[in-house]
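We name chains A, B, ... by the order of the sequence lines, and we start the count at 1 in each one.
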There are 2 protein chains.
Amino acid sequence: MVKITEVARHAGVSPSTVSYALSGKRPISEETRQRIEDSIRELGYRPHAGARALASSRSNVLALVVPLRAGIHVPVVMRFAVSVVTAARRHDHDVLLLTQEEGEDGLRRVADTALVDALIVMDVQLRDGRLPLLRTLDRPSVLIGFPAEPAGLTCIDLDFEAAGELCVEHLAGLGHRVIALVGSPPEVYVRETGFAQRVVRGYTAAADRNGVASSVHPCEAEPAAARQLAERLLRERPALTGVVVHNEPVLDPLIDAFQSLGLRVPGDLSVTAICPDELAGRVRVPVTSIAIPADEVGAGSVELLMKKLGGTPVPEATLLPPRLTVRASTARRTTA
Amino acid sequence: MVKITEVARHAGVSPSTVSYALSGKRPISEETRQRIEDSIRELGYRPHAGARALASSRSNVLALVVPLRAGIHVPVVMRFAVSVVTAARRHDHDVLLLTQEEGEDGLRRVADTALVDALIVMDVQLRDGRLPLLRTLDRPSVLIGFPAEPAGLTCIDLDFEAAGELCVEHLAGLGHRVIALVGSPPEVYVRETGFAQRVVRGYTAAADRNGVASSVHPCEAEPAAARQLAERLLRERPALTGVVVHNEPVLDPLIDAFQSLGLRVPGDLSVTAICPDELAGRVRVPVTSIAIPADEVGAGSVELLMKKLGGTPVPEATLLPPRLTVRASTARRTTA
DNA sequence: GAATGACGTCGAAGCGCTTCGACGAGGGAA
DNA sequence: TTCCCTCGTCGAAGCGCTTCGACGTCATTC
């Protein structure tokens, strides 16, 4: 293994000069820098990560805690993870993968052993047991999602409340007066996962504001449940002409069910969804939807951490504005 | 931050004794060990990862390279990743996440900087550009999947060839004489991803051996493609009574298509699949399938690495035997 | 023309841990 | 009894890097 002293000798400078040339923390003459870079290339020098971490008390590693529980949409998690890794690399950082299962002990471990410089926590519950810990840890962290009490923490996510509103505004703008929200499985609400409830709040508020009759229906992530719910909606709310779906696995089965019950989409029923774009485009009827901006959230969380590591203050809440893409599943209400 | 010298002082021993008590690399009297453990607990001591890595030249971190290309089934990748993390933790190791995108440079970087002790590479191509690099790296690695030339490498995966065979044997055993394989999207074969071709090989060999008429059909991961293929199969191979599906996203749409074309499953057509169990159970007709043993593969790859790190020789190839679970989609051929 | 300060570089002191060699005490074998 | 080994512990020497203070050299400034 070639070490910094060898590079220094080869370039005819001292090790500290090599270090400063690499880090840029002190000015180095262009000529010397060039010589050092040549030596590095020639010798194939790679600084030892552990030595660096020890001397600088920076590991250049970020921890990412991914959820693996029921009710969360795995491909979206993966997109978060990938965008976090990509963004981290742009800042010369790597990403350590932790599972939810490791829990608080895992967080404490990687923080206390200085394995990581900072942490990103996904799938935050409204009252998450990890919050007190994150507040006391000596390392900065960013939450993807919003707990009930975000004070003292840094959070980023899609503005789900605005997303719920936007879906309603869109439907209301098309003349729909009776709408329904098909939500996540009941356990997601029981667990008090913030985003699901925020959608409900925004949806309800916008409906009230627009004088639209609204209802909310949690739904299991099963095709059979979708079918049952479709039947029930037709029976119980015959005037229904607009549906907001916030439940990925059910989107396609639900539209299928409505269609086989004789409703045309969007002729008789307009459907909007909050879901990944790739899903919205793959359904039997391309669905007007608000995307989960996984890339932006992932990259944004890394940027926030980098700022915090650099000592720059950051806002406690970062809410990404929802963007609605109109596709084939929504249309103006036909006043029959 | 509390360091090992403080623990040593508190316990009335030397730092080296604390270290040996922690690592177990030299005998320590029960009494001393107890005293040290008490001090550690009382002081809340956590060894500094960087210092440890520097002194011991072991980072206790594994690199995991995950694919993010088209045609791979994301939930399965995630299951691999989670099982790798879980298994690594059992051996007191952490996992660094690398994306395919980082490519060879990423592998070289984490290896050369001693950021990781060993590497796990998923989604190996038949002739993968990373293989020469992995062979020369000074750190052990394990491939999930089999390249064309596995010599000098350590590989682990489901025995896809045997899986293809087993599907055919099952169908043949039920009396089916004309079968078809619905495979992955064409680009998967073009890319020469080993597992897809291995399935074809096993499938074909078993069909020939059993005197079964067989054909192979790559299929895009789109519902529309599934429908087209179903129609084509009925048209071109009217005597068809058995289908093997090796293409997750298409499984459900394909069965849907067959049914809406008037075929009963399994009455007229028996369907088997090679896919994750959770998918097989969720299809409209629960499908007789061979599971992708993601947990076993993930855990197995970690075990292999640990052995290699410990200096124990390991076999170059580890093929996990396929296990077929009979569900509702296969039945004895009705000789009409 | 002396004082000031930025620039570019060096040397040395650690960062917190592991590990090697050494050494005293005790137990068996000869 | 002597020799040798094992057991349990210690001290010291690094692991490879960063960083702090210092210092000489110029270019400014008044």
* Does the distance from a Lys or Arg side-chain N to an Asp or Glu carboxylate O, for Arg79(A) and Glu278(A), drop under 4.0 Å? -> yes
Polar-atom pairs under 3.5 Å, protein N or O versus N or O of nucleotides 21-23 of chain D: list them with distances, or write none.
residue: dG21(D); atom: N7; partner: Arg26(A); partner atom: NH2; Å: 3.2
residue: dG21(D); atom: O6; partner: Arg26(A); partner atom: NH1; Å: 2.2
residue: dG21(D); atom: O6; partner: Arg26(A); partner atom: NH2; Å: 3.4
residue: dA22(D); atom: N6; partner: Arg26(A); partner atom: NH1; Å: 3.3

* **Partner residues of Glu101(B) under the salt bridge (charged side-chain N to carboxylate O under 4.0 Å, His left out) criterion, sequence neighbours left out** => none
* Results of side-chain hydrogen bond (donor to acceptor under 3.5 Å, both in side chains) for Ser16(B) - residues two or more places apart only -> Ser14(B)
* Structure fact -> Asp112(A) meets the side-chain hydrogen bond (donor to acceptor under 3.5 Å, both in side chains) criterion, sequence neighbours left out, with none
* Under the side-chain hydrogen bond (donor to acceptor under 3.5 Å, both in side chains) rule, collect the residues that match up with Arg46(B), sequence neighbours excluded. => none
* Residues in side chain to side chain contact (heavy atoms under 4.5 Å, CB included) with Pro47(B), at least two apart? -> Tyr45(B), Arg52(B)
* **By salt bridge (charged side-chain N to carboxylate O under 4.0 Å, His left out) - contacts of Arg139(A) (at least two apart)** => none
* Structure fact -> Comparing Thr32(A) with Leu54(A), nearest DNA chain C nucleotide closer to 5' gives the residue Thr32(A)
* **Sequence-distant partners of Glu303(A), salt bridge (charged side-chain N to carboxylate O under 4.0 Å, His left out), two or more places apart** => none
* Asked: How would you list, by chain and number, every residue that makes a side-chain hydrogen bond (donor to acceptor under 3.5 Å, both in side chains) with Arg26(B), sequence neighbours excluded?
  -> none
* Asked: Sequence neighbours excluded, which residues qualify as salt bridge (charged side-chain N to carboxylate O under 4.0 Å, His left out) partners of Glu42(A)?
  -> none
* To do: Kindly calculate the angle separating the two end axes of the helix from dG1(C)-dC30(D) to dA30(C)-dT1(D), each obtained from five base pairs, and round it to 10 degrees.
  => 30°
* Which of residues 2-19 of chain A sit near DNA chain D, with a heavy atom under 4.0 Å from it? -> Lys3(A), Ile4(A), Ser16(A), Ser19(A)
